[in-house]
Amino acid sequence: MTDHILTQRAGETGAINVIRFNRPDKKNAITRAMYSTMARALIEGDRDDTVRVHVMLGTPGAFTSGNDMQDFMAVAMGGSMGTEVLDFLASLATAKKPVISGVDGLAIGVGTTIHMHCDLTFATPDSRFHTPFVDLALVPEAGSSLLAPAVMGHQKAFALLAAGIPFSGEEAERAGLIYKVVSSAELEPAVMAAAEHLAAKPPKALAISRRLIKPDPEPVMARMREEAELFSNQLQSAEALAAFQAFMMRKK
């Protein structure tokens with residue numbers, strides 16, 4: 001298990017499955033190995049009867065800056081896409097237990113779309129939800145093209161996913177993308193308090209209620225697979241390679 005993803009069981013009875021991005025030097029950019037670790041942590045947590053809630057956290061200033069660009073460049077240059085990303089997204093979209101997330105700072109690309117699958121997301125005012133898919137000659141992913149319009153309406157979803165306009169914490173809350181904005185000092189205490197609150201509830205009743213409230217996972221998974229195919233095609237396109245090369249040059 002890579003130390004770029006830290007996992008632990010928290011709470012008095014170990015009922016909270018905490019998954020934390022831990023690559024702050026790269027703004028928590030996600031590698032294929034990190035996706036695999038997170039997928040495994042979600043699946044194992046779902047199978048463990050002592051676990052009642054999943055929690056996803058980042059580090060101060062960054063939830064995650066999204067996919068590691070070196071992985072994108074490798075695919076654009078002819079490498080394999082692999083299944084790690086889709087495996088993680090599938091484990092998140094089909095998680096049997098509530099998922100709570102906490103965001104401070106950057107939430108880029110999948111760092112934004114993750115929260116469309118969460119049941120409660122807390123964020124700080126300085127959080128920046130940004131999906132620059134089109135700017136990189138890519139397309140929305142993680143079922144976001146289906147979920148975002150249902151939550152936010154067409155225009156806000158278009159602004160976020162197609163126009164690539166960043167949302168602050170307050171804008172994300174007003175759009176319905178997240179549950180609540182809290183201060184940086186309050187973020188993790190608020191997330192853990194919410195997790196403890198849910199962990200104390202009758203698990204079967206909570207599971208049934210959650211299933212009734214959340215969208216049917218099959219249309220979401222079908223859209224996710226469609227997006228993944230289009231994303232992969234675009235990732236290997238000439239315009240994507242040019243966009244990645246321009247991005248890498250700006251970073252030098």
Show me the donor-acceptor pairs within less than 3.5 Å that the side chains of residues 9-18 make with the rest of the protein, sequence neighbours left out.
unit_1 : atom_1 : unit_2 : atom_2 : d
Arg9   : NE     : Asn17  : OD1    : 3.3
Arg9   : NH1    : Asp48  : OD2    : 2.6
Asn17  : ND2    : Ala41  : O      : 3.1
Asn17  : ND2    : His54  : ND1    : 3.1

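- The pair Glu44-Arg47 does not count as a salt bridge, with every side-chain nitrogen at least 4.0 angstrom from each carboxylate oxygen.
- There is no path of hydrophobic side-chain contacts, each under 4.5 Å, that joins Met192 to Met56.
- For CD of Glu170, the number of neighbouring non-hydrogen atoms (other residues, nucleotides, ligands) closer than 6.0 Å is greater than 12.
- Nearest heavy atoms, Glu227 versus Ala142: OE1-N, 3.2 Å.
- Rounded to the nearest 0.5 Å, atoms CZ (Phe244) and CD (Glu239) are 10.0 Å apart.
- Across all their heavy atoms, Lys156 and Phe167 have their closest contact at O-CZ, 3.7 Å.
- Note on Glu188 versus Arg20: salt bridge recorded, some NZ/NE/NH1/NH2 to OD/OE distance being below 4.0 Å.
- Here ring pair (Phe, Tyr, Trp, His ring centres under 6.0 Å) pairs that include residues 178-227, with residues two or more places apart or in two chains, are Phe122-Tyr179.
- One hydrophobic cluster, built from ILVMFWY side chains closer than 4.5 Å, holds both Met221 and Val99.
- Side-chain N or O atoms of Glu84 include none that pairs as donor or acceptor with a backbone N or O of Ser36 at under 3.5 Å.
- A pairwise comparison of heavy atoms in Ala29 and Asp68 identifies CB-CA, 4.0 Å as the closest pair.
- Residue Thr59 is tested with Asn22, Asn28, Asp104, Asp25 for a side-chain hydrogen bond (donor to acceptor under 3.5 Å, both in side chains); the sole match is Asn28.
- In this structure, Leu106 belongs to a hydrophobic cluster whose other members, linked by side-chain heavy atoms under 4.5 Å apart, are Ile108.
- Clustering ILVMFWY residues whenever any of their side-chain heavy atoms sit less than 4.5 angstrom apart, transitively, puts Met116 in the very cluster that holds Leu86.
- Listed here is the closest heavy atom pair of Thr121 and Ser101: OG1-OG, 2.6 Å.
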* Asked: Would Glu218 and Arg225 satisfy salt bridge (charged side-chain N to carboxylate O under 4.0 Å, His left out), going step by step from the backbone distance to the final call?
  -> CA-CA 11 Å; Glu218 189 44 49; Arg225 290 187 290 267; 2.9 Å; yes

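- The number of heavy-atom neighbours closer than 6.0 Å to NZ of Lys201, taken from other residues, nucleotides and ligands shown, is 12 or below.
- Considering every non-hydrogen atom in both Pro149 and Ser144, the closest pair reads CD-O, 3.6 Å.
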